[in-house]
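What follows is a set of notes on a single structure, which appears directly below.
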Amino acid sequence: MDWDKLRVFHAVAEAGSFTHAGDTLNLSQSAVSRQISALEEALQVPLFHRHARGLILTEQGESLNRTVREVFAKLAMTEALLTESKEKPAGRLKVTTTAGFGASWLAPRLQGFLETYPDVSVTLLLDDTDLDLAMREADVAIRMHPPKQPDLVQRHLMSIHWQVCAAPDYLKQHGTPQRPEDLDNHKLILFGDYRPPVPDINWLAEVGRRAGSPRRALLEVNSLHAVLLAIQSGLGIGAVPDYMASETDGIVRVLPELKAPKVDVYFVYPEELRNSKRVAVFRDFLLARLAEMA
């Protein structure tokens, strides 16, 4: 099979149309279509169902795309390792983590890393779902749970603790809760039930309540940063990670003795990158910054 045709096929399979694949590959729609037709003719099987709204992979196309995706992922990893300098870290590092941690804690600290290692560039992918490191969707991940895949290297970074917070104006108007049960009489801000980035994220709805009878929220939003801004605006009471609360003005902690679930954070990467200098220096950078918080 021709590598150029496979590259075009993979782009079309991922984009779902000849036009979008052509934009990615800097080819015309007709050139892309000809390459796919030639590949189908060579293999003597249809790879796509064509319809007015786009393209859908056939069963044979799905099978080929799984293999092609894996091959290109391995090639990308090999290229990264081969081009990395033996003397110093260099090249692009794709980092994925949750939107809350990435935006609030990691992004503001990347300047120090990039100034120290000017030959490394970082692509930061913020997603509350786990990207597939084995398929090279990212090089390394900072995850709020141990990795589920057995072939990934993991390093425990830290434990995150929740802080229950409110704005002073809110407490002045509604009073300060003294016991968990007092939250029944307050306006709560919770995480919307949509791909929660950490387990037990809405523990505040159940603390001090009979099991199975959670409090209802005044506001649910699927962003921890938005939860923090809503608290800061005086809308109500909510729980945010300590790394957010400690660096935010205009909020105060309530119910400090309340026992909350902790979140263990892990640095994760594929076995193939165990000897990568970029990965090693980024891990050490994270550990150094976290040690400053201790």
Side-chain angles (χ1 to χ4, degrees), residues 97-106 108-109 128 142-146 155-267 286-294:
T97 189
T98 61
F101 186 81
S104 298
W105 190 89
L106 181 57
R109 290 170 170 81
D128 286 343
I142 302 170
R143 290 187 175 158
M144 309 298 139
H145 58 79
R155 168 70 184 266
H156 185 268
L157 287 179
M158 63 185 293
S159 293
I160 292 172
H161 299 88
W162 295 98
Q163 292 188 13
V164 185
C165 298
D169 287 347
Y170 172 86
L171 297 176
K172 184 177 180 180
Q173 183 177 354
H174 299 279
T176 301
Q178 303 299 318
R179 305 175 305 148
E181 292 79 6
D182 294 344
L183 293 172
D184 292 352
N185 302 314
H186 283 271
K187 300 175 181 178
L188 291 191
I189 304 163
L190 299 177
F191 194 91
D193 189 19
Y194 174 69
R195 297 190 305 176
V198 299
D200 301 321
I201 195 168
N202 284 331
W203 61 275
L204 196 62
E206 304 218 12
V207 66
R209 298 274 288 190
R210 180 167 43 87
S213 59
R215 301 177 181 89
R216 294 187 62 180
L218 175 67
L219 172 68
E220 291 186 353
V221 56
N222 65 327
S223 161
L224 281 175
H225 184 62
V227 169
L228 180 65
L229 292 177
I231 295 170
Q232 196 177 32
S233 75
L235 183 63
I237 295 176
V240 292
D242 48 7
Y243 66 82
M244 292 178 114
S246 62
E247 299 184 358
T248 302
D249 296 327
I251 61 173
V252 295
R253 189 173 182 183
V254 298
L255 297 172
E257 302 302 319
L258 192 60
K259 186 175 182 180
K262 70 174 183 175
V263 179
D264 287 314
V265 182
Y266 295 85
F267 184 70
L286 291 174
L287 292 171
R289 297 292 80 74
L290 291 168
E292 293 171 357
M293 296 171 55

> Out of curiosity, Tyr170 OH to Thr176 OG1, how far, rounded to the nearest 0.5 Å?
Replying inline: 9.5 Å
> Where is the tightest heavy-atom contact between Ile189 and Gly236, given as atom of each residue plus distance?
Replying inline: CD1-N, 3.7 Å
> Of the non-hydrogen atoms in Val227 and Ala239, which two are nearest, and what is the gap between them?
Replying inline: CG1-O, 4.3 Å
>> side chain to side chain contact (heavy atoms under 4.5 Å, CB included) for Val207 and Arg215? Distances and angles first, verdict last.
In response: CA-CA 9 Å; Val207 66; Arg215 301 177 181 89; 4.1 Å; yes
>> Here's a test for you: under side-chain contact (heavy atoms from CB on, under 4.5 Å), which of Ile237, Leu218, Leu235 qualifies with Lys187?
In response: Leu218
> Sub-3.5 Å donor-acceptor pair from the side chain of Asp128 to the main-chain atoms of Ala99, do we have one?
Replying inline: yes
> Is a salt bridge present between Glu292 and Arg289, judged by a nitrogen-to-oxygen distance below 4.0 Å?
Replying inline: yes
> Using 30° and 60° as the class limits, which term best fits the ring planes of Tyr266 and His156: parallel, tilted or perpendicular?
Replying inline: perpendicular
>> Let me confirm one number: the CG-CZ distance from Leu183 to Arg209, rounded to the nearest 0.5 Å.
In response: 10.0 Å
>> Check this for me: does any side-chain nitrogen of one of Asp169 and Lys172 sit under 4.0 Å from a carboxylate oxygen of the other?
In response: no
>> Can you tell me how far apart CZ (Arg143) and CG (Leu157) are? Round to the nearest 0.5 Å.
In response: 12.5 Å
>> Quick check: closest heavy atoms across Leu286 and Phe267, and the distance to 0.1 Å?
In response: CD1-CD1, 3.6 Å
>> Tell me whether the rings of Phe101 and Tyr243 are parallel (<30°), tilted (30 to 60°) or perpendicular (>60°).
In response: perpendicular
>> For Glu181 versus Gly208, what's the shortest heavy-atom pair and its separation?
In response: CG-O, 3.7 Å
> Thr97 and Met144: which non-hydrogen atoms are nearest, and at how many Å?
Replying inline: OG1-CE, 3.9 Å
> Going from NE2 on His186 to NE2 on His174, what distance comes out if it is rounded to the nearest 0.5 angstrom?
Replying inline: 8.5 Å
> To the nearest 0.5 Å, how far apart are CG in Leu188 and CD1 in Ile231?
Replying inline: 10.0 Å
> Quick one: does Asn222's side chain have a donor or acceptor within less than 3.5 Å of a partner on Gly192's backbone?
Replying inline: no
>> Working to the nearest 0.5 angstrom, can you tell me the gap between Ile160 CD1 and Thr98 OG1?
In response: 7.0 Å
> Any idea which heavy atoms bring Met244 and Ser104 closest together, and the distance?
Replying inline: CE-OG, 3.1 Å
